[in-house]
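One structure, as structure tokens, below. Some questions next.
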There are 2 protein chains.
Amino acid sequence: MARTQGSHSDITGPRVREAALSLFARHGYAAVSMRQIAGAVGVQAGALYNYTPDKQTLLYELMKAHMDELLAARAAEPQQDDPMAALEAFTRFHIRFHARRPEAVFISYMELRNLSPENFAVIEDLRKTYETQLQDILQCGVAEGSFAVRDARITSMALIAMLTGVNTWFREKGRLSLPEVEEIYCDMVRKSVAA
Amino acid sequence: MARTQGSHSDITGPRVREAALSLFARHGYAAVSMRQIAGAVGVQAGALYNYTPDKQTLLYELMKAHMDELLAARAAEPQQDDPMAALEAFTRFHIRFHARRPEAVFISYMELRNLSPENFAVIEDLRKTYETQLQDILQCGVAEGSFAVRDARITSMALIAMLTGVNTWFREKGRLSLPEVEEIYCDMVRKSVAA
DNA sequence: GATTTATCTGAACATGCGTTCAGATCAAAG
DNA sequence: CTTTGATCTGAACGCATGTTCAGATAAATC
């Protein structure tokens, strides 16, 4: 078993995923060829098949990794008992996490239709798991009487759409810093569900 | 000048655009071939070039028509002097207009990167024109003291993202009717900007 | 230094792409 | 009934696609 440590695959593998992430985000899955990805890595197209069985799986694994990271990072956050504090924590977490990974977010949003049905089901399930966490916070607040929300499910989707929308305009070196953005959105979120 | 009335082009032209709209929305611009569009219309691929100079222009014209319709429909709405009434009218209009054209909306958001730079600039300009209308309403409300909004530009984009998000889950025959949806979102929008 | 084997090259495969165009078709105009 | 010309077909163009694979390369092991 030669070349088990320090092998090129330890380097090339991540570079393939990075290149694919960047190119898929910029041009779209269908518009990017395996040769373009290979070119960005500095390798021939055939070599990519040491790292993925096919193009579709490459896309799926990028999205799967993103969703796993999202749920893991969320689980690592400190829990809040008060619904309003929990809502604020969720809002800040969501904005921060997504603003730092614009490419993965973009792909996970735009390329769902390019997944095979089985792969789509997996990603969709993870996404629902995440959404449910916000929904649960809203329901807690309603039960407690601190939130006035007509429909927790719809409201959670509305809030997530609003928060994810940050990625369409936010730029690291823009007019507003991330904490400022968090503040603006926290304000809106808090007021929009307050009793 | 034979066949100037009742010609096939009066029928085939719209059918080409309908087929392209539907296929682009379902599979994405890059993943749909001219032969697929032609097949959906019941014609050979070459015949499409009687109706568009190329595939890119076909996409552009779908998006341009959508944006023109949006601005025209918005302009036809009754004006409201009170900022809160105007905001509510905008919210209801946006949800209603977009829920009725899910395919065109989907394309106009997802396929921007497949436009040539010149075409992109045109569409982007129209989109900004629309966004500015909401921004103006917010600024009126702030000036009047009825709205508490930290940043009218950011807030307008946040609200539009939230409202457009309706299209990701709303189905004509779903649990909630369109008026019910409008009501839920109006509630959130009103509260989120209220002083 | 010989052997092993993970890694990569480079060419090939069938298939599909957007687009063009000469020629067929046929309804309306004269 | 002939002419006209808008409309469409069907084949062709060069090129790109995802994927495969025999063979070259070279680092790690013995």
Side-chain angles (χ1 to χ4, degrees), chain A residues 1-24 26-63 107 111 113-116 118-119, chain B residues 1-24 26-63 107 111 113-116 118-119:
Chain A
M1 253 190 273
R3 196 163 354 182
T4 49
Q5 275 188 347
S7 79
H8 290 179
S9 77
D10 291 352
I11 298 169
T12 308
R15 290 191 61 202
V16 167
R17 286 186 287 275
E18 281 163 29
L21 190 77
S22 179
L23 286 168
F24 287 165
R26 186 148 49 248
H27 307 294
Y29 171 78
V32 171
S33 71
M34 293 301 266
R35 282 169 182 81
Q36 281 177 63
I37 298 170
V41 175
V43 106
Q44 293 297 315
L48 298 182
Y49 291 85
N50 289 317
Y51 304 98
T52 183
D54 47 44
K55 193 187 175 190
Q56 151 80 203
T57 305
L58 181 54
L59 172 64
Y60 166 70
E61 280 171 356
L62 291 175
M63 294 175 69
I107 289 174
E111 307 295 356
R113 63 185 163 192
N114 286 307
L115 292 176
S116 70
E118 311 85 51
N119 289 345
Chain B
M1 254 188 273
R3 194 161 355 182
T4 50
Q5 275 188 348
S7 81
H8 290 181
S9 77
D10 291 352
I11 297 168
T12 308
R15 290 192 61 203
V16 167
R17 286 187 286 276
E18 281 163 30
L21 190 78
S22 179
L23 287 168
F24 287 166
R26 186 149 48 246
H27 307 294
Y29 170 79
V32 171
S33 70
M34 294 300 268
R35 284 169 181 81
Q36 281 177 66
I37 298 171
V41 176
V43 105
Q44 293 298 314
L48 298 182
Y49 291 84
N50 288 317
Y51 303 99
T52 184
D54 47 44
K55 192 187 174 190
Q56 151 80 204
T57 304
L58 181 54
L59 172 65
Y60 166 69
E61 280 171 356
L62 290 175
M63 295 175 68
I107 289 174
E111 305 295 356
R113 62 184 165 191
N114 287 306
L115 291 176
S116 69
E118 312 85 51
N119 288 345

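Sequence lines set the chain letters: A, B, ... in the order given, protein chains first and strands last, and positions in each chain run from 1. Since the structure is predicted, the reported quantities are computational estimates derived from the model, not experimental observations.
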**OP:** Measure the CD-CG distance between A:E18 and A:L23 for me, rounded to the nearest 0.5 Å.
**Re:** 11.5 Å

Original post:
Are any of the side-chain heavy atoms of A:L59 and A:I107 separated by less than 4.5 Å?
Top reply: yes

**OP:** Calculate the interatomic distance between A:N114 atom CG and D:dG18 atom C1'; express it in whole Å.
**Re:** 14 Å

Original post:
Measuring from B:L21:CG to B:M63:CE, what's the distance to the nearest 0.5 Å?
Top reply: 11.0 Å

**OP:** Would you jot down, in residue-number order, the residues of residues 54-62 of chain A having a non-hydrogen atom under 4.0 Å from DNA chain C?
**Re:** none

Original post:
Can you name the residues that form a side-chain hydrogen bond (donor to acceptor under 3.5 Å, both in side chains) with B:R15, not counting sequence neighbours?
Top reply: none

**OP:** Consider the side chain of A:S33, meaning its heavy atoms from C-beta on, and name the nucleotide among D:dT7, C:dC17, D:dT17 that approaches it most closely.
**Re:** D:dT17

Subject >> Minimum heavy-atom distance between A:R26 and B:R113, given as atom pair plus value >> reply: O-CD, 3.6 Å

**OP:** Could you list the residues that satisfy side-chain hydrogen bond (donor to acceptor under 3.5 Å, both in side chains) with A:D54, not counting sequence neighbours?
**Re:** A:T57

Original post:
Please give, in whole Å, the distance from C:dC17 P to B:Y49 OH?
Top reply: 11 Å

Subject >> Atom pair distance, as rounded to whole Å: CE in A:M34 and P in D:dC21 >> reply: 15 Å

Original post:
To the side chain of A:Y51, which of C:dT20, D:dT7, C:dC8 is closest?
Top reply: C:dC8

Subject >> Straight-line distance of A:Y51 OH to A:R17 CZ, nearest 0.5 Å >> reply: 9.5 Å

Original post:
Between A:I11 (CD1) and C:dT7 (P), how many Å, whole number?
Top reply: 11 Å

Original post:
Nearest-Å distance, CD (B:Q36) to C1' (C:dT15)?
Top reply: 14 Å

Original post:
Got a sec? Which of residues 40-47 of chain B come in under 4.0 Å of DNA chain D, heavy atoms?
Top reply: B:V43, B:Q44, B:G46, B:A47

**OP:** State, to 0.1 Å, how close A:Q36 and A:A31 come at their nearest heavy-atom pair, and which atoms those are.
**Re:** NE2-O, 3.6 Å

**OP:** Would you give the length of the straight line joining atom OH of A:Y49 to atom CG of A:L58, rounded to the nearest 0.5 angstrom?
**Re:** 9.5 Å

**OP:** Using only side-chain N and O atoms of A:T12, determine if any of them is under 4.0 Å from OP1 or OP2 of C:dC8.
**Re:** yes

Subject >> d(CG, B:N50; C1', D:dT9) in whole Å >> reply: 11 Å

**OP:** Output all residues satisfying side-chain hydrogen bond (donor to acceptor under 3.5 Å, both in side chains) with B:N119, sequence neighbours left out; order by chain, then residue number.
**Re:** B:Q56, B:S116

Subject >> Atom-pair distance (CG on A:L48; C1' on D:dC21), nearest Å >> reply: 15 Å

Original post:
Is there a side-chain contact between B:L48 and B:I37 (heavy atoms, below 4.5 Å)?
Top reply: yes

Under-3.5 Å N/O pairs linking protein and nucleotides 12-14 of chain D:
| unit_1 | atom_1 | unit_2 | atom_2 | d |
| --- | --- | --- | --- | --- |
| D:dA12 | N6 | B:R35 | NH2 | 3.3 |

